[in-house]
2 protein chains.
Amino acid sequence: MQGGTFLFQLRYFCMNNRQNKFQMKRGVTLKDIAQKLNMSVSTVSKSLSNDPSISPPTKARVKKLADEWNYIPNEAARHFKLNRTYTIGLIIPNLMDQYYALAINGAEKVAGQHQYNVIISQSHEDPEREDKIVDLMLRNRVDGLLVAISKNREDMSVFKKTTYTGIPVIFFARPPKEDGFDAVISDNEHGAFKATEFLIKKGHKRIGHIMGPESMSVSYTRMEGYRRALDKYKLPYNSALVKSVDFTQEATFSAMRRFMKMVTPPTAFFAFKNYIALDAIEYLKRKHPAMLRKIDFAGFGNLPLLQYLDHKPVASIEESSYEMGEEAARLLLRTIHEEAPEEGRPVQHIQISCRLLAHK
Amino acid sequence: MQGGTFLFQLRYFCMNNRQNKFQMKRGVTLKDIAQKLNMSVSTVSKSLSNDPSISPPTKARVKKLADEWNYIPNEAARHFKLNRTYTIGLIIPNLMDQYYALAINGAEKVAGQHQYNVIISQSHEDPEREDKIVDLMLRNRVDGLLVAISKNREDMSVFKKTTYTGIPVIFFARPPKEDGFDAVISDNEHGAFKATEFLIKKGHKRIGHIMGPESMSVSYTRMEGYRRALDKYKLPYNSALVKSVDFTQEATFSAMRRFMKMVTPPTAFFAFKNYIALDAIEYLKRKHPAMLRKIDFAGFGNLPLLQYLDHKPVASIEESSYEMGEEAARLLLRTIHEEAPEEGRPVQHIQISCRLLAHK
DNA sequence: TTGTACGCGTTATCAA
DNA sequence: TTGATAACGCGTACAA
């Protein structure tokens, strides 16, 4: 059924010539097959789904023609009837961040295992854009939403609305500040603790923290871990050693400038994430090359690109974002398949533990 | 219309209590609104689409209730009727490659501008998996396909079938070996020429080429550019200086091992792409640290991560993958909206020119 | 063993 | 100005 079939296909399409491109036939339907074979649509439908009530010869005829005509079942129609699209929407800040790319892989895997499609969209850290994406996805009737919210998100009403409408939303990586939402997150506090502890054990007494944006709750959680580590090892906490950045290179440069201007700058930094640490290292390269080898960094995110770097963090907190994507998707599917989502259900939280990874 | 509305929503959902979770109502419909207001569905539909034949008071009543009940139009149903899903499928080898991540951004932008959704899937360089993805996407009736084929793809029949069925396919970045397919690609030969020329002008006389997989046509195109540059500058072409790899680190290491074993190893390399150059540099770091500063690399792909590297290629060929994604999506949408796709149409090719980018 | 009828949410057409 | 009806592709309960 190679070339010949294709030509036949072409003829077939030419036959039902509809002028309007928007009404153009886009694929063979059960009806087409039924007409050709002089039988009813339901017989064709049953034949193709191997219904035992259909006689083998009939089945054979149907399957033969379906094959020749290259029939492809229309899942959209099937789902339409079921009132579900078997599609989940995935909203992330940025595809270029390998962390999210990995999480997507995990989510896609789980979704695929359950015959779900995934549609991905990026907020580019813009809450307004995020709102539009949610709206678009709801219009397209995704069965659920997987969201790593943009860093400046304040108003959670869109997501509340979504949940109340019966479309479950699972947050991952970046939980909302507000309580009451299902979420899958890393064990951020413990990870931060371990990273800081690693630096302390390496002998550092004065450790700075390049904190994440103040608009994100994770920033505080990680800061708390940093603080707990200092406490445990009887090091003083000094708020001057904590500076918040917004992920832009400029912000990190500016923070580093202020750090390095101090009378006694920190000898090590725990960074909210390693993309930030890389910018901080870049700053040292440009402005304080002599310090490069004296200052240690540790941060979240064991990025594949780290392997190529000469100057890199001494330790990373491996966040298992692939696993997080998997877990988030699993939780979402579970929620989707739950009975009676109207009933009150406890908020679900899943924590993925982090691993400390010393480099070199 | 905050909290109160939501509660109402809840009650609303509880009222039509259907046991079966698969038949559960998932959102307010036109019918619901029509029933409540004692009018026909068509009136409601027209009111919401601002049909001039509906009286302003009626429109107002409808819109008010639609708002209160938080009506969200069901695009799936709408598309179902129109026989199109306003969704395009995007198949790439790997999301972790920033090159594709950027291309996706470009494609998404253009698709979004035309109210199209994008569903993304990764082949992970596995043709079989790619086949399954195509099948799945066709079952879901995407309106068109954007594909960067996996490196080992030999049999193009799936895509032929797709095209003949009336679903346009645009290839990008990696065109098929076979002719006859629409594609958007970089000006690979010229890019390769410029990269090699750059190395020559830097004084190198013995330039190796770490070639891409032999299964990919682009590999030959880039090799041709390399060869043309040698020719132009009267340097001898030596097939021993060309070694093909398959993107794995092991393959690149092995190629470099053979290169460095030569009596006079190359003093510079033109790499099929910079991810390969990075592995080659990594090899030198481990095995020939002394040579690190003496050997130059140039390759395709100006990756954002390059900025953080100490040892990096001296030049990159900027492929404008964002632009390529845009162009590919544009071409696809144009093809989708074409009248009479049955008619013979010349194969469409778009070339994106590359820019040489010297680093540091 | 096969066919008929219906419904999913929406829009377009035609009738009232 | 509004309403009734058909249609999109499919599955299924029920009738023949």
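Labels below follow one simple rule: chain letters A, B, ... track the order of the sequence lines, proteins then strands, and each chain is numbered from 1. Only a predicted model underlies this, so the values are computations on that prediction, with no experimental measurement involved.
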How long is the line joining CG of B:Asp51 and P of C:dC14, in whole Å?
-> 15 Å

Between atom CE in A:Met39 and atom C1' in C:dT1, what is the gap in whole Å?
-> 12 Å

Enumerate the residue pairs fulfilling salt bridge (charged side-chain N to carboxylate O under 4.0 Å, His left out) with a member in residues 48-57 of chain B, sequence neighbours excluded, ordered by first and then second residue.
-> none

Over how many whole Å does the gap from B:Gln35 atom CD to C:dT10 atom P extend?
-> 13 Å

Minimal heavy-atom distance between B:Thr85 and B:His79, with the atoms involved, is O-ND1, 3.1 Å

Atom-to-atom span, CG of A:Asn140 to C1' of C:dT10 - whole angstrom | 14 Å

Side-chain donor or acceptor of A:Ser49 paired with backbone N/O of A:Ser45 under 3.5 Å = yes

Mind running a 4.0 Å heavy-atom check of residues 53-61 of chain A against DNA chain D and sending the residues that fall below it, in number order?
-> none

For the pair made of CG in A:Asp143 and P in C:dC8, what is the distance, rounded to whole Å?
-> 18 Å

A:Asn50 has an atom CG; how far is it from atom P of C:dT1, in whole Å?
-> 13 Å

Sequence-distant partners of B:Glu130, salt bridge (charged side-chain N to carboxylate O under 4.0 Å, His left out), two or more places apart | B:Arg153

How many Å lie between CZ on A:Arg139 and P on C:dT10, as a whole number?
-> 11 Å

For residues 166-175 of chain B, which residue pairs qualify under salt bridge (charged side-chain N to carboxylate O under 4.0 Å, His left out), counting only residues two or more places apart or in two chains?
-> B:Glu125-B:Arg174

All heavy atoms of B:Lys59 vs all of B:Ile54, minimum pair found to be CE-O, 3.5 Å

What is the minimum heavy-atom distance between B:Thr335 and B:Pro168, and which atoms define it?
-> CG2-CB, 3.6 Å

Just how large is the angle between the end axes of the helix from C:dT1-D:dA16 to C:dA16-D:dT1, five pairs per end, to 10 degrees?
-> 60°

Would you mind telling me which residue lines up with the more 5' stretch of DNA chain C, B:Ile72 or A:Thr43, judged by nearest nucleotide?
-> A:Thr43

If only side-chain N and O atoms of B:Asn74 are considered, is one of them under 4.0 Å from the OP1 or OP2 phosphate oxygen of C:dC8?
-> no

Look only at the side chain of A:Asp182 and the backbone of A:Val347, and say whether a donor-acceptor pair between them is shorter than 3.5 Å.
-> no

Side-chain donor-acceptor contact under 3.5 Å, B:Thr162 with B:Thr165 = no

Rounding to a whole Å, what distance do you find between A:His79:NE2 and C:dT10:C1'?
-> 19 Å

Verify stack between A:Phe80 ring and D:dC10 base, 5.5 Å, 30 degrees = no

Write out a two-atom table: protein N or O, nucleotide N or O from nucleotides 11-15 of chain D, distance below 3.5 Å.
{"from": "D:dG11", "atom 1": "OP1", "to": "A:Arg78", "atom 2": "NE", "distance (Å)": "3.0"}
{"from": "D:dG11", "atom 1": "OP1", "to": "A:Arg78", "atom 2": "NH2", "distance (Å)": "2.9"}
{"from": "D:dG11", "atom 1": "OP2", "to": "A:Ser45", "atom 2": "OG", "distance (Å)": "3.2"}

Just by distance, do the side chain of A:Asp126 and the backbone of A:Ser123 share a donor-acceptor pair under 3.5 Å?
-> no

Would you indicate, yes or no, if D:dG3 has its OP1 or OP2 atom less than 4.0 angstrom from a side-chain nitrogen or oxygen of B:Ser40?
-> yes

Where each residue is assigned the nucleotide of DNA chain D containing its nearest heavy atom, which of B:Asn38 and A:Lys31 is assigned the position nearer the 5′ end?
-> B:Asn38

Would you confirm whether B:Asp32, through its side chain, and B:Val28, through its main-chain N or O, come within 3.5 Å as a donor-acceptor pair?
-> no

Crowding at NZ, B:Lys64 (>12 non-hydrogen neighbours, <6.0 Å) = no

